[in-house]
Amino acid sequence: MASTAPRIHLVDKSDYTKQKVVPLPDAYPLPPLQKGFIRIRSRILSLTTNNFSYARFGEELGWYSVWPTLPSLSAPYNDATKYGRISSWGYGEAIESAHDDVPVGTKLFGYLPIGTLPEDLQVKPMEAPGHLLEVSERRTARVMPFYNRYVCYPPDVDLSAERGARGLEALLRPLFEAGYLLNRYTFAGPERKPLHPLGHGLPWTAQQADISDAVLVLLGASGKTSLSLADQLRHARTGEAFPRKVVAVGSEASRGFTQRTGLFDEVLLYDDVDKTNLAAVLALDKATKVVLLNFAGRGDAPDRWASRLREPGGPFTGLSVGGDPTNTAPGNFNAEVDKEGSGVYMVSAPTLRDDAILAEGEAKYFEFLDEAWTRFIDDRGGLHGVSLMWRQDIGAFESDWDGLCKGKGQYGPDIGLVYEI
Ligand SMILES: NC(=O)c1ccc[n+]([C@@H]2O[C@H](COP(=O)([O-])OP(=O)(O)OC[C@H]3O[C@@H](n4cnc5c(N)ncnc54)[C@H](OP(=O)(O)O)[C@@H]3O)[C@@H](O)[C@H]2O)c1
């Protein structure tokens with residue numbers, strides 16, 4: 001008979017490429033649920049290279065603190081200094097509740113444990129309808145509110161019956177929000193207060209936000225966060241605030257996919273940085289504002305592109321969103337972040353969202369975001385050529401992680417990995 005023991009995903013904190021899905025034979029019975037808590041079990045999860053960031057920077061940014069350590073794990077996995085649990089975006093279900101506002105069967109969208117082990121959340125309702133915040137000391141002390149917010153759906157919502165739409169949300173919604181935030185607030189037009197890409201109330205002027213007639217260059221453009229920004233730039237702007245060009249840069253393997261999205265004015269390769277006529281291809285002169293956004297530029301591409309794009313002498317802004325997960329050397333581009341006069345800034349969607357909530361009010365912020373997401377799905381199908389690849393077993397998370405880590409095309413940009421467990 002197959003084991004019914006829950007299984008969880010663990011990462012070697014010193015090397016995110018080493019990870020495993022392990023069973024917990026002694027997990028049951030679970031302790032009684034405390035008042036004010038709900039017990040959730042993950043149902044739909046997703047995997048992109050964004051999850052690698054949670055593992056790589058998990059100590060620094062608190063992502064290993066989201067779920068409690070489990071001393072009952074067998075050795076060596078019981079060593080919490082060496083192994084940690086990260087999270088995946090998706091849907092869970094309240095399988096028990098000791099909270100008056102959350103009936104059993106409620107579905108929750110948010111930051112979830114990877115595996116089949118139920119976890120307890122201490123939650124309080126928020127101003128935005130249907131939103132809950134996890135308020136346990138372990139989480140609030142270490143992670144940003146972005147990761148502690150859950151959106152609830154009534155118990156009669158059947159995730160399996162709406163699997164396509166729910167899978168798409170698991171895969172894309174938080175990444176879409178990053179693109180949405182950059183487009184709407186960091187590149188705000190005159191109708192809205194511009195917000196610094198790192199949030200925290202840092203100053204960001206209308207001039208810095210202005211991308212009218214600018215050339216935007218996106219490195220690692222085929223990824224889901226980048227596509228979301230490109231989608232918003234093309235479809236969610238009004239009037240004169242369109243950039244002159246939005247340019248995708250990526251590998252040969254992703255080129256055809258990126259071209260077919262129809263979201264970019266040019267699709268170039270990382271090595272095209274050495275083209276002698278790059279300024280002509282991009283229509284750059286010394287008055288042209290250039291914005292370089294690094295999503296997942298491979299190897300030293302961010303440094304090479306930053307240096308070349310500065311050559312014509314126009315105003316230059318660099319935004320560090322993410323990076324090549326296999327490149328452990330930070331490179332000059334990242335080192336330039338916030339250096340006086342460099343024009344290079346860190347992007348943090350979670351803290352940018354905090355500032356946007358302050359600017360709009362919480363309920364309005366989520367109302368506008370929901371509208372943008374609905375238009376993204378209803379008008380443009382949301383996928384831009386990505387197909388969901390469904391797995392029914394959490395064991396596949398481990399092999400998929402290995403495949404994605406190799407970064408050499410086992411899973412191209414057209415594949416969206418989702419898990420129904
Ligand atoms: N700062 C923020 O607030 C924020 C918010 C959201 C996401 N992010 C970050 O943005 C980055 C992109 O995340 P995502 O989930 O959108 O990415 P994704 O969809 O998994 O993007 C994959 C793309 O990245 C490129 N890539 C470069 N190195 C790769 C490797 N070793 N393995 C696989 N693909 C590689 C590939 O394009 P090519 O083949 O063309 O190179 C690939 O198509 C991550 O670093 C993520 O953490 C940051």
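Because the structure is a prediction, the values reported are computed rather than measured. Ligands are counted one by one from 1 in listed order, and the atoms in each one are counted from 1 as well.
The aromatic rings of His196 and Tyr345 sit perpendicular to each other, their planes meeting at more than 60°, with 30° as the lower class boundary. The aromatic rings of Phe109 and Trp89 lie parallel to each other, their planes meeting at an angle below 30°, with 60° marking the opposite boundary.
Heavy-atom separations between Gly220 and ligand 1 are all 4.0 Å or longer. For Pro325, the closest heavy-atom approach to ligand 1 falls below 4.0 Å. Heavy atoms of Phe257 come nearer than 4.0 angstrom to ligand 1 in no pair at all.
The six-membered or imidazole ring of Tyr54 lies near that of Tyr111, with a centre-to-centre distance under 6.0 Å.
In the vicinity of Ser348, heavy-atom distances shorter than 4.0 Å reach the ligand 1 atoms 3 (O). If you number the atoms of ligand 1 from 1 as listed, the ones under 4.0 Å from a heavy atom of Gly250 come out as 40 (O). Close approach of ligand 1 to Tyr270 (heavy-atom distance below 4.0 Å) involves ligand atoms 38 (P), 40 (O), 41 (O). Residue-ligand proximity, Thr326 to ligand 1, at heavy-atom distances under 4.0 Å covers atoms 31 (N). Near Ser53, the atoms of ligand 1 lying under 4.0 angstrom from a non-hydrogen atom of the residue are 44 (C), 45 (O), 46 (C), 47 (O). With ligand atoms numbered from 1 in the order given, ligand 1 contributes 6 (C), 7 (C), 13 (O), 14 (P), 16 (O) to contacts under 4.0 Å with heavy atoms of Thr225. Against a heavy-atom cut-off of under 4.0 Å, Asp324 is close to the following atoms of ligand 1: 28 (N), 31 (N). Under a 4.0 Å criterion applied to the non-hydrogen atoms of Thr49, ligand 1 contributes the atoms 13 (O), 14 (P), 17 (O), 18 (P), 20 (O), 21 (O), 33 (C), 34 (N).
For the pair Leu175 and ligand 1, the shortest N or O to N or O distance does not fall below 3.5 Å. Checking only distances, Ala349 does come within under 3.5 Å of ligand 1, N or O to N or O. Polar contact with ligand 1: absent for Pro350 (N/O pair, distance under 3.5 Å). Some N or O of Arg298 is nearer than 3.5 Å to an N or O of ligand 1, by distance alone.
In this structure, the separation between CG on Asp101 and CG on Leu132 is 7.5 Å, given to the nearest 0.5 Å.
Among Ser222, Pro413, Ala178, Ser228, the residue whose heavy atom sits closest to atom 42 (C) of ligand 1 is Ser222. Of the options Gly179, Gly403, Gly412, Ser254, the smallest heavy-atom separation from atom 40 (O) of ligand 1 is shown by Ser254. When the options Ile415, Val321, Leu319 are ranked by their closest heavy atom to atom 9 (C) of ligand 1, first place goes to Val321.
Glu169 has a carboxylate O that lies under 4.0 Å from a charged side-chain N of Arg166, or vice versa, which qualifies the two as a salt bridge. Arg7 has a carboxylate O that lies under 4.0 Å from a charged side-chain N of Asp393, or vice versa, which qualifies the two as a salt bridge. Using a 4.0 Å cut-off between charged nitrogen and carboxylate oxygen, Lys364 and Glu360 do not count as a salt-bridge pair. At a threshold of 4.0 Å, the pair Glu162-Arg43 does not count as salt-bridged, since none of the basic side-chain nitrogens sits closer than that to a carboxylate oxygen.
Of the candidates Asp213, Asp265, Asp285, Arg244 forms a salt bridge (charged side-chain N to carboxylate O under 4.0 Å, His left out) with just one, namely Asp213.
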